[in-house]
Amino acid sequence: MPVEINQKFFNDIYAVVARIPAGKVASYGQIGSMAGYPGSAREVGYAMAHAPAKRKLPCHRVVNSQGTLAPEPVFGGQARQRAMLEEEGITFYMDGRIHMERHTWSEYEQLSFF
DNA sequence: CGCCTGACAGACT
DNA sequence: TAGTCTGCCAGGC
């Protein structure tokens, strides 16, 4: 069994990120809280930066609370990340920020009531 | 064990 | 609204 990420923190973070559905986004802080580590937004970002490709995590759906995209070097540029999100149905404001109020992911939305 | 770094967040000016 | 400062907490040295 390969070594990879043994840290429970990272594993828990990745588990939550993997559950983000297409067409939805979640902030770093939100992911941290849902994984059981409130106030660890920066660690979530660190985890994404070291996320092994094998996990196939939708890290492009994890954005900061302001709705702005990751730095240029990530995802091959913000335009690239934006394109991926738009393909999933995410909409943006004129200034380039994500329409957070409309796309932020809520666990409850996973429950099918109808 | 101490100090710096970071794909953040929220408060403050 | 934008720019700056401080708090977070694990990882790397």
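Letters A, B, ... mirror the listed sequences (proteins, then strands); counts begin at 1.
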Checklist entry - Which is the 5'-most and which the 3'-most nucleotide of DNA chain B that has an atom under 4.0 Å from a heavy atom of chain A? => result B:dG6 to B:dG10

Checklist entry - Can you find a heavy atom in the side chain of A:Leu85 that is under 4.5 Å from one in the side chain of A:His60? => result yes

Next on the checklist: Just so I know, are the side chains of A:Tyr46 and A:Val44 near enough to count as touching, which here means a heavy-atom distance under 4.5 Å?
Outcome noted: no

Checklist entry - Any side-chain heavy atom of A:Ile98 sitting closer than 4.5 Å to one from A:Thr104? => result no

Item to check | Interface with DNA chain B, restricted to residues 28-40 of chain A and to heavy atoms under 4.0 Å | outcome: A:Tyr28, A:Gly29

Checklist entry - Is there a side-chain contact between A:His103 and A:Thr91, using heavy atoms and a 4.5 Å cut-off? => result yes

Checklist entry - Which two nucleotides bound the region of DNA chain C that has atoms under 4.0 Å from heavy atoms of chain A, read 5' to 3'? => result C:dG7 to C:dG12

Checklist entry - Would you say the ring centroid of A:Tyr93 lies under 6.0 angstrom from that of A:His99? => result yes

Item to check | Closest-nucleotide 5' rank along DNA chain B - winner of A:Glu43 and A:Ser27 | outcome: A:Glu43

Checklist outcome for this item: Here the gap from A:Met48 atom CE to A:Tyr28 atom OH, rounded to the nearest 0.5 Å, amounts to 8.0 Å

Checklist entry - When the ring planes of A:Phe9 and A:Tyr37 are compared, do they come out parallel, tilted or perpendicular, using 30° and 60° as the limits? => result tilted

Next on the checklist: Check this for me, if you would: do A:Arg61 and A:Glu88 make a salt bridge, where the nitrogen-to-carboxylate-oxygen distance has to be below 4.0 angstrom?
Outcome noted: yes

Next on the checklist: We want to know whether A:Arg97 and A:Asn64 form a side-chain donor-acceptor pair, criterion being a heavy-atom distance below 3.5 angstrom.
Outcome noted: no

Checklist entry - Do A:Ile20 and A:Val25 have side chains that get closer than 4.5 Å, going by heavy atoms? => result no

